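Because only heavy atoms are used, hydrogens play no part in the values below, and waters and symmetry mates are left out as well, while side chains stay in. All figures in this text were calculated on a predicted structure; none of them were measured in a lab. The chain is numbered in sequence order, starting from 1.
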Amino acid sequence: VITLADVKAAAADPSALTAPVAASAPAVTAPAARASAPRPAFDPPPAGNDKDEPIRGVRRNMMRSMSAAHAEVVPTTLMDDADLNSWAPGEDITVRTMRALAVAAKTEPAMNAWLNAKEGTLRRHSAVHVGVAIDSNEGLFVASLKHCDSRDGQQLRAELNRLRDGVRSRSLPPEDLAGYTLMFSNFCVFAGKYATPVVVPPCVCIVGTGRLYHAVVPVLGGMETHRMMPISLTFDHRAATGGEAARFLKAMIDDLQRAR
């Protein structure tokens with residue numbers, strides 16, 4: 001504590017004030033050593049045999065096709081539902097979908113076409129050959145279901161079975177994996193209602209069907225529960241307009257909603 005006597009003494013000797021201040025200052029101690037960081041509660045296991053492997057065969061072709069699609073196509077997707085309430089029990093869903101695709105292609109030919117952007121040409125096909133995506137352990141195959149517009153239901157089912165079995169046994173000839181004029185993905189057998197399917201050039205359209213579900217639908221006099229098919233259509237906007245794609249989708253839905 002500095003007293004009045006200390007102040008008077010400082011007039012003669014300024015250093016007289018430093019002694020009381022120093023004596024009253026608290027002692028400064030060195031900081032304690034910082035505690036070591038705790039060890040993590042979980043030590044990850046070693047990497048094991050993880051390693052990069054070359055992509056070969058079907059998966060390599062899939063990689064190339066999808067890369068080309070991503071680089072070239074200007075994709076636009078439309079989504080809607082088809083009401084299947086009028087179907088008879090036991091209807092073949094895939095066969096009915098093939099028929100609807102053929103009807104839609106005849107109604108709006110712009111979706112059943114090949115685009116050659118390099119040459120600036122568009123080929124609209126008179127026949128309807130649907131490229132059906134078939135999943136396998138080796139990768140994705142696209143088998144060509146030809147002449148969907150001129151086959152009946154039994155012929156379509158027999159050809160679908162032949163193509164599917166050929167993929168499983170790896171016995172399909174090259175001509176069964178080429179020449180399709182539009183594409184179809186039946187991803188509903190696994191999961192998912194809607195998607196953005198990938199158009200692979202030179203095709204300009206792909207249709208995907210999702211997992212069927214039941215929806216409450218207003219009808220005259222009340223409400224009913226109907227079975228619905230979600231549909232996703234992706235088209236290359238360089239080759240077709242939104243109106244053409246919408247007309248194709250409407251024609252497909254109209255055919256699917258027919259009783260037979």
Exercise. Drop me the distance from M252's CE to L249's CG, to the nearest 0.5 angstrom.
Key: 7.5 Å

Quiz item: Is it the case that one hydrophobic cluster holds both W87 and V95, taking links as side-chain heavy atoms less than 4.5 Å apart, direct or via other members?
Solution: yes

Quiz item: What do the steps show when you test V207 against T97 for side-chain contact (heavy atoms from CB on, under 4.5 Å), and what is the final call?
Solution: CA-CA 10 Å; V207 173; T97 304; 5.8 Å; no

Exercise. Look at R258 together with D254 and state whether they make a salt bridge at an N to O cut-off of under 4.0 Å.
Key: no

Quiz item: Rounded to the nearest 0.5 Å, how far does CG of D236 lie from SG of C203?
Solution: 10.5 Å

Quiz item: Is the number of heavy atoms from other residues, nucleotides or ligands under 6.0 Å of E175 CD greater than 12?
Solution: yes

Quiz item: Taking all non-hydrogen atoms of both residues, which atom of A195 and which atom of S232 are closest, and how far apart?
Solution: N-OG, 3.1 Å

Solution key, residues 64-80 side-chain donor-acceptor pairs under 3.5 Å, sequence neighbours excluded:
residue : atom : partner : partner atom : Å
S65     : OG   : N61     : O            : 3.0
S67     : OG   : M63     : O            : 2.8
T77     : OG1  : T234    : OG1          : 2.7

Exercise. Please name the pair of heavy atoms, one in P230 and one in K193, separated by the smallest distance, quoted to 0.1 Å.
Key: CB-O, 3.0 Å

Quiz item: Where do K146 and H129 come nearest, in terms of heavy atoms and distance?
Solution: CA-ND1, 3.4 Å

Exercise. May I ask you to test the R170-E138 pair for a side-chain heavy-atom distance under 4.5 Å?
Key: yes

Practice problem: Would you indicate whether R123, at its atom CZ, is surrounded by more than 12 heavy atoms from other residues, nucleotides or ligands within a distance under 6.0 Å? | Solution: no

Identify all side-chain donor-acceptor contacts of residues 110-117 below 3.5 Å with residues at least two apart in sequence or on another chain.
residue : atom : partner : partner atom : Å
N112    : OD1  : T181    : OG1          : 2.5
N112    : ND2  : H125    : O            : 3.1
N112    : ND2  : A127    : O            : 3.0
W114    : NE1  : Y180    : O            : 3.0
N116    : OD1  : K118    : N            : 3.3
N116    : OD1  : E119    : N            : 3.0

Self-check item: Positive for side chain to side chain contact (heavy atoms under 4.5 Å, CB included) with F248, one of I253, L233, V103
Solution: L233

Quiz prompt | Partners passing salt bridge (charged side-chain N to carboxylate O under 4.0 Å, His left out) against R124 (at least two apart in sequence or in another chain) | solution = E244

Self-check item: Nearest atoms (heavy-atom pairs only) where A105 meets V128
Solution: CB-CG2, 3.7 Å

Could you list the donor-acceptor pairs under 3.5 angstrom formed by side chains in residues 216-228, with sequence neighbours left out?
residue : atom : partner : partner atom : Å
E224    : OE1  : H226    : NE2          : 2.7
H226    : ND1  : D83     : OD1          : 3.3
H226    : ND1  : D83     : OD2          : 2.7
H226    : NE2  : N85     : ND2          : 3.4

Quiz item: Which atoms form the tightest heavy-atom contact between M98 and V130, and what is the distance?
Solution: SD-CG1, 3.9 Å

Exercise. Verify the cluster assignment for L160 and M229: are they in a single hydrophobic cluster under the rule of side-chain heavy atoms below 4.5 Å apart?
Key: yes

Quiz prompt | Polar side-chain atom of R157 near backbone of T94 as donor-acceptor pair, under 3.5 Å | solution = no

Quiz item: If two hydrophobic side chains count as joined below 4.5 Å and joins carry through other members, does V198 share a cluster with V132?
Solution: no

Quiz item: With hydrophobic residues grouped by side-chain heavy-atom distances under 4.5 Å, do I93 and L145 end up in a single group?
Solution: yes

Practice problem: Please assess E91 against L84 for the test side-chain contact (heavy atoms from CB on, under 4.5 Å), listing each intermediate value before the final yes or no. | Solution: CA-CA 10 Å; E91 287 266 20; L84 310 184; over 6 Å; no

Quiz item: What pairs with N186 under side chain to side chain donor-acceptor pair (under 3.5 Å), at least two apart in sequence or on another chain?
Solution: T209

Quiz item: Are L101 and V204 grouped together when hydrophobic residues (ILVMFWY) are joined by side-chain heavy atoms under 4.5 angstrom apart?
Solution: no

Quiz prompt | Sequence-distant partners of L177, side chain to side chain contact (heavy atoms under 4.5 Å, CB included), two or more places apart | solution = F141, A143, L172

Quiz prompt | Atom pair CZ (F190) and CZ (R211), whose distance is rounded to the nearest 0.5 Å | solution = 14.0 Å

Quiz item: Would you say the side-chain atoms of E159 pair up with the backbone N or O of L156, donor to acceptor, closer than 3.5 Å?
Solution: no

Exercise. Can you measure from CG (D135) to CG (L140) and round to the nearest 0.5 angstrom?
Key: 6.5 Å

Quiz item: Closest heavy-atom contact between I231 and A82?
Solution: CD1-CB, 4.1 Å

Exercise. Decide yes or no for D255 and R99: does some side-chain heavy atom of the first lie under 4.5 Å from some side-chain heavy atom of the second?
Key: yes

Quiz item: Roughly how far apart are S171 OG and D176 CG, rounded to 0.5 Å?
Solution: 9.0 Å

